[in-house]
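Written below as structure tokens is the structure these notes are about.
Numbering starts at 1 and runs along the sequence shown.
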Amino acid sequence: MKYTLSEDDIPTSWLNIAADFGGTAAPILDPATGEPVSREELARSMAEPLIEQELSTEPEFEIPGPVRDIYRQWRPTPMYRARRLERVLDTPARIYYKYEGVAPSGSLKPNSAVPQAYYNKQAGRTGLVTETGAGQWGTAIASAAAMFGLTAKVFMVGVSFRQKPYRRALMEAYGAVCSASPSPETAAGRAILAEDPDHPGSLGIAKSEAMEVAWANPELGYTRGSSLNHVCAHQTVIGQEAMAQMALADDYPDIVVGPCGGGSTLAGMCFPFLRDKLRGGREIRLIAAEPVACPTLTRGRIAYDHSDAARLTPLSRMHTLGHRFVPPPVHAGGLRAHDSSPLISRAVENGLMEAVALRQVAVFEAGIMFARAEGILPAPESSHAVRAAIDEALRCREEGRSKAILIALSGHGHFDLAAYEKYLSGTLPDDEPSEEVFQQGLDSIPQLATL
């Protein structure tokens, strides 16, 4: 039922899938000139090793010893065979899940928070600033900052700030200062509040606020929890371990599924398997599960766009719903991103990965089914992957075929009980943006000739 590795099996390098996309990557552009952004500009908010990892097409990056030592606290994470769920579904499918909720902050996010804190500490910075959706990334940064003696400032999307007070309390327990975004603390936040004092917030707005604070103080390092190439690379420790654990199970997945907002969970699990496929390995389906409320991969455009609402970030080529898009206040706050990782976008664009958009009530139904069968209550983000996996397992039952399905279970839902309570009481809404909201977001995408 459970497949475990030893501390000696913790990966020694992070994988960079950009090396497998023809050795080239779409350049990050300066919005003022349309030319590739300079390293000096990126250095305003990023430590040099992170810039190198972001721009590199090298196949892997060595994990520093101090980072790997901290990983030992929770890595390698376990992989389970979901035999009870298989029985509930009466499916011939073989369902596995790689569980990241054993990390101190309850999700996969420390896999990147720790190296980002380490590199910023090495660069002489005294504090970190970031944004967070549901709070998993903010919690991981708060914890990592404390480990390295750094301060932490977190702008948490306002609707999640109010939905998940205990996630905020955990950040504060680690020593972070957490503010609801949009906030009156920044020009970006004040501008949004002037238009709508009750604005629910978005990851794009929170990014603008965090970057504004970081740019104003060279002592602070800006950190990102998803989307960027180096974050995707850091998370590949998940998939590397999962490949070794599948070997222990004497099996190999036919389908790998993960939740997708910015894309770090999906990249972390899928990219090692994708590399294996691209280098002559077995055929495999890779599925991104996203919310209908924020369907970046299924309804977004491939375009150069900003990752933040105030257009402080450079332009990246990716699937986007437009930097002014504000999704409904669904409870999977980590998936409310208008943009997806450029590397994930490239994989979907090239037909190497597929995407499905799922409704909130069906997702929570799957989360409850999983909890009652397997004993773990998934985070709402993780429940998107569970829903997609259940749908595939039911298809196996209908077709009478046995396939191996591997789920990226990115974290637990212990801080999401208010949302599960709404589902159980029948009051959880099934929000979906109107066509007008979609169009307003798409209209905000910059018009560039180069794609």
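Judged as a salt bridge (charged side-chain N to carboxylate O under 4.0 Å, His left out), and not counting sequence neighbours, the contacts of D69 are R72. The side chain to side chain contact (heavy atoms under 4.5 Å, CB included) test applied to A103 returns W74, P110, not counting sequence neighbours. Judged as a ring pair (Phe, Tyr, Trp, His ring centres under 6.0 Å), and not counting sequence neighbours, the contacts of F325 are F438. Scored by the side chain to side chain contact (heavy atoms under 4.5 Å, CB included) test, S307 finds K207, R224, T313, M318, D339 as partners (sequence neighbours excluded). For the side chain to side chain contact (heavy atoms under 4.5 Å, CB included) test, residues two or more places apart in sequence or in another chain that qualify with K121 are F148, L150. For V292, the side chain to side chain contact (heavy atoms under 4.5 Å, CB included) test picks out A357, R359, E432, with sequence neighbours left out. With sequence neighbours excluded, the residues that form a salt bridge (charged side-chain N to carboxylate O under 4.0 Å, His left out) with R81 are E86. Under the rule for a salt bridge (charged side-chain N to carboxylate O under 4.0 Å, His left out), the partners of E435 that lie at least two apart in sequence or sit in another chain are R299.
Residues L335 and C294 fail the side-chain proximity criterion, which asks for heavy atoms closer than 4.5 Å. By the 4.5 Å heavy-atom criterion applied to side chains, E241 and T77 are counted as neighbours. Residues R301 and I445 form a side-chain contact, since some pair of their non-hydrogen atoms from C-beta on lies under 4.5 Å apart. Considering only heavy atoms from C-beta on, R346 stays 4.5 Å or farther from I17 through its side chain. At least one side-chain heavy atom of I287 sits less than 4.5 Å from a side-chain heavy atom of I255. Side-chain contact between L406 and F273: present, with at least one pair of heavy atoms (C-beta onward) separated by less than 4.5 Å. Proximity of P115 to I63: side-chain heavy atoms (C-beta onward) are nowhere separated by under 4.5 Å. Two residues are said to be in side-chain contact when any heavy atoms from C-beta on lie closer than 4.5 Å; N16 and P59 fail this criterion.
The nearest pair of heavy atoms linking P328 to R336 is O-NE, 2.9 Å. Taking all atoms of both residues into account, the shortest heavy-atom contact from W14 to E62 is CZ3-O, 3.9 Å. When all heavy atoms are compared, the tightest approach of S227 to S340 is OG-C, 4.4 Å. Closest heavy-atom contact between I28 and L55: CD1-CD2, 4.0 Å. Nearest heavy-atom pair, T236 versus P272, reported as atom, atom and distance to 0.1 Å: O-CG, 3.7 Å. Taking all atoms of both residues into account, the shortest heavy-atom contact from E290 to T296 is OE1-N, 3.2 Å.
Within the structure, salt bridge (charged side-chain N to carboxylate O under 4.0 Å, His left out) contacts touching residues 153-166 (residues at least two apart or in different chains) are K153-E185, K164-D416. Each ring-ring contact (aromatic ring centres under 6.0 Å, His included) pair with one or both residues in residues 280-303, not counting sequence neighbours, would appear here, but there are none. Among pairs with a residue in residues 257-279, those fulfilling salt bridge (charged side-chain N to carboxylate O under 4.0 Å, His left out) read D20-R275, D20-R279, K277-E283, at least two apart in sequence or across chains.
Considering OG of S179 and CD of E131, their distance stands at 13.5 Å, rounded to 0.5 Å.
Looking at D430, its side chain does come within 3.5 Å of a backbone N or O of Q360 through a donor-acceptor pair.
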Stepwise, does the side chain to side chain contact (heavy atoms under 4.5 Å, CB included) test hold for R168 with F161?
CA-CA 7 Å; R168 168 168 43 92; F161 184 92; 2.8 Å; yes
Test side chain to side chain contact (heavy atoms under 4.5 Å, CB included) on T91 and L394; report intermediate values, then the result.
CA-CA 6 Å; T91 178; L394 293 175; 5.8 Å; no
Let me see the working for R75 and E100 under salt bridge (Lys or Arg N to Asp or Glu O under 4.0 Å), right down to the final yes or no.
CA-CA 9 Å; R75 303 219 70 84; E100 292 294 302; 2.8 Å; yes
Starting from the C-alpha separation in whole Å, work towards a yes-or-no answer on side chain to side chain contact (heavy atoms under 4.5 Å, CB included) for Y423 and I368.
CA-CA 9 Å; Y423 168 77; I368 290 293; 3.8 Å; yes
Test log, rule side-chain hydrogen bond (donor to acceptor under 3.5 Å, both in side chains), inputs T130 and W137:
CA-CA 9 Å; T130 197; W137 174 248; 2.7 Å; yes
Is there a side-chain hydrogen bond (donor to acceptor under 3.5 Å, both in side chains) between Q439 and D443 once you walk through the steps?
CA-CA 6 Å; Q439 195 58 51; D443 287 345; 2.9 Å; yes
Do L352 and F21 pass the side chain to side chain contact (heavy atoms under 4.5 Å, CB included) test, and can you show the C-alpha distance, the side-chain angles, and the key distance before you say yes or no?
CA-CA 11 Å; L352 300 170; F21 288 162; 3.9 Å; yes
Intermediate values then yes/no, side-chain hydrogen bond (donor to acceptor under 3.5 Å, both in side chains), H234 and Q53:
CA-CA 10 Å; H234 297 162; Q53 292 172 13; 2.8 Å; yes
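Using a cut-off of 4.0 Å between Lys/Arg side-chain N and Asp/Glu carboxylate O, E398 and R395 are scored as not salt-bridged. Ion pair D90/R397 not flagged as a salt bridge, since none of the NZ, NE, NH1 or NH2 atoms sits closer than 4.0 Å to an Asp/Glu carboxylate oxygen.
Shown here is E172, whose CD atom has more than 12 heavy atoms of other residues, nucleotides or ligands within 6.0 Å. Heavy-atom contacts from other residues, nucleotides or ligands closer than 6.0 Å to CD of E58 number 12 or fewer. Around atom CZ of R311, no more than 12 heavy atoms belonging to other residues, nucleotides or ligands sit under 6.0 Å away. The environment of E399 atom CD is dense: over 12 non-hydrogen atoms of other residues, nucleotides or ligands sit within 6.0 angstrom.
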Per-pair distances, 0.1 Å, donor-acceptor, side chain in residues 376-388, under 3.5 Å, sequence neighbours excluded:
unit_1, atom_1, unit_2, atom_2, d
E381, OE1, Q136, NE2, 3.1
E381, OE2, G333, N, 3.2
E381, OE2, G334, N, 2.9
S382, OG, S410, N, 3.0
S382, OG, S410, OG, 2.6
S382, OG, G411, N, 3.1
S382, OG, G411, O, 3.3
S383, OG, A379, O, 3.3
S383, OG, Y420, OH, 3.0
H384, ND1, P380, O, 2.9
R387, NE, D391, OD1, 3.2
R387, NH1, A362, O, 3.3
R387, NH1, E365, OE1, 2.9
R387, NH2, D391, OD1, 3.0

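Taking the six-membered ring for Trp and the full ring otherwise, the centers of F415 and Y166 sit at least 6.0 Å from each other.
E374 and Y97 are linked by a side-chain donor-acceptor pair at a separation below 3.5 angstrom, with hydrogens and angles left out of the test.
Note on ring orientation: taking the six-membered ring where Trp is involved, the planes of H414 and H412 are parallel (angle under 30°, cut-offs 30° and 60°).
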